[in-house]
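Inspection log for the structure reproduced underneath, given as structure tokens.
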Amino acid sequence: MCTSIIEIAPAEGMAKRGDEWFPLTQSVVAYDHARHAPLGDVITLDFFNTSLDPGARAGVELTLDSAKALRAALDRAIAAAEFEEAEVRGKGAVPVLVRAA
């Protein structure tokens, strides 16, 4: 039985197929029967460029536990990146005045 659980979001980045990289335009997250992995239902991540041929796709099938671990890793990496951007690189950091001695 198909679950019809699908979430679509715009994507900006790059994906690789074979030896070439292509720009992304869309990401799809779904929960359904595995098509390739020898598993039951899986979280499928698909990254596409909708203006290229159907082969312009990078796909992954993950168990729910693997998808949860990936989500947690993404949350940690995003939090660290946001801190890096805001605090370390000065995007939102309070300027520090340096006084001559």
Side-chain angles (χ1 to χ4, degrees):
M1 181 170 131
C2 293
T3 65
S4 299
I5 299 171
I6 298 172
E7 295 290 333
I8 300 171
E12 186 176 349
M14 299 290 286
K16 188 174 183 181
R17 62 174 168 177
D19 290 334
E20 69 177 286
W21 288 84
F22 63 93
L24 296 175
T25 60
Q26 187 177 68
S27 61
V28 177
V29 180
Y31 180 68
D32 209 341
H33 304 298
R35 301 288 188 256
H36 303 284
L39 302 166
D41 289 335
V42 294
I43 293 289
T44 302
L45 307 174
D46 282 307
F47 301 93
F48 295 94
N49 184 316
T50 55
S51 57
L52 297 178
D53 63 89
R57 171 187 178 266
V60 177
E61 293 179 342
L62 300 170
T63 63
L64 282 176
D65 286 340
S66 294
K68 289 175 186 178
L70 176 60
R71 179 185 62 194
L74 281 167
D75 287 343
R76 291 188 303 272
I78 289 167
E82 287 175 336
F83 176 81
E84 175 78 14
E85 290 295 315
E87 301 299 325
V88 177
R89 296 189 184 174
K91 298 177 182 176
V94 177
V96 176
L97 297 176
V98 177
R99 295 178 191 245

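Since this is a predicted model, take the numbers as computed values, not measurements.
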Checklist entry - Judged by atom type as modelled, is there a donor-acceptor pair below 3.5 Å linking the side chain of Glu61 to the main-chain atoms of Arg35? => result yes
Checklist entry - Looking at Ser27 and Pro10, what are the two nearest heavy atoms and their distance? => result OG-O, 4.2 Å
Checklist outcome for this item: Closest non-hydrogen contact found for Ala34 with Leu39 is CB-O, 3.5 Å
Next on the checklist: Starting from Phe48, can I reach Val29 by hopping between I/L/V/M/F/W/Y residues whose side chains sit under 4.5 Å apart?
Outcome noted: no
Next on the checklist: Could you tell me if Arg17 sits above the aromatic ring of Phe22, with its cationic atom closer than 6.0 Å to the ring centre and no more than 45 degrees from the axis?
Outcome noted: yes
Next on the checklist: Measuring from atom CG of Leu64 to atom CZ of Arg71, what distance do you get when rounded to the nearest 0.5 angstrom?
Outcome noted: 10.0 Å
Checklist entry - Would Met14 and Phe47 show up in the same hydrophobic cluster when neighbours are defined by side-chain heavy atoms closer than 4.5 Å? => result no
Next on the checklist: Assess the residue pair Gln26 and Leu24 against the criterion (side chain to side chain contact (heavy atoms under 4.5 Å, CB included)); give the C-alpha distance rounded to whole Å, side-chain angles, the decisive distance to 0.1 Å, and a yes or no.
Outcome noted: CA-CA 6 Å; Gln26 187 177 68; Leu24 296 175; over 6 Å; no
Item to check | Chi angles and distances behind the side chain to side chain contact (heavy atoms under 4.5 Å, CB included) call for Leu45, Leu70 | outcome: CA-CA 11 Å; Leu45 307 174; Leu70 176 60; 3.7 Å; yes
Checklist entry - Going hydrophobic residue to hydrophobic residue with side-chain gaps under 4.5 angstrom, can you get from Ile5 over to Leu62? => result yes
Checklist entry - If we only count heavy atoms from C-beta on, is the Glu7 to Val28 side-chain gap below 4.5 Å? => result no
Checklist entry - When you look at Asp65 and Thr63, which way does the side chain to side chain donor-acceptor pair (under 3.5 Å) test go after all the steps? => result CA-CA 5 Å; Asp65 286 340; Thr63 63; 5.6 Å; no
Item to check | Verdict with reasoning, Thr44 to Asp32, per side chain to side chain contact (heavy atoms under 4.5 Å, CB included) | outcome: CA-CA 8 Å; Thr44 302; Asp32 209 341; 5.7 Å; no
Next on the checklist: For residues Leu74 and Tyr31: do they belong to one hydrophobic cluster (side chain heavy atoms under 4.5 Å, members Ile, Leu, Val, Met, Phe, Trp, Tyr)?
Outcome noted: yes
Checklist entry - Side-chain heavy atoms under 4.5 angstrom apart, residues restricted to Ile, Leu, Val, Met, Phe, Trp, Tyr: same cluster for Val42 and Ile6? => result no
Item to check | Spatial distance of atom CD1 (Ile43) from atom NZ (Lys68) [nearest 0.5 Å] | outcome: 9.5 Å
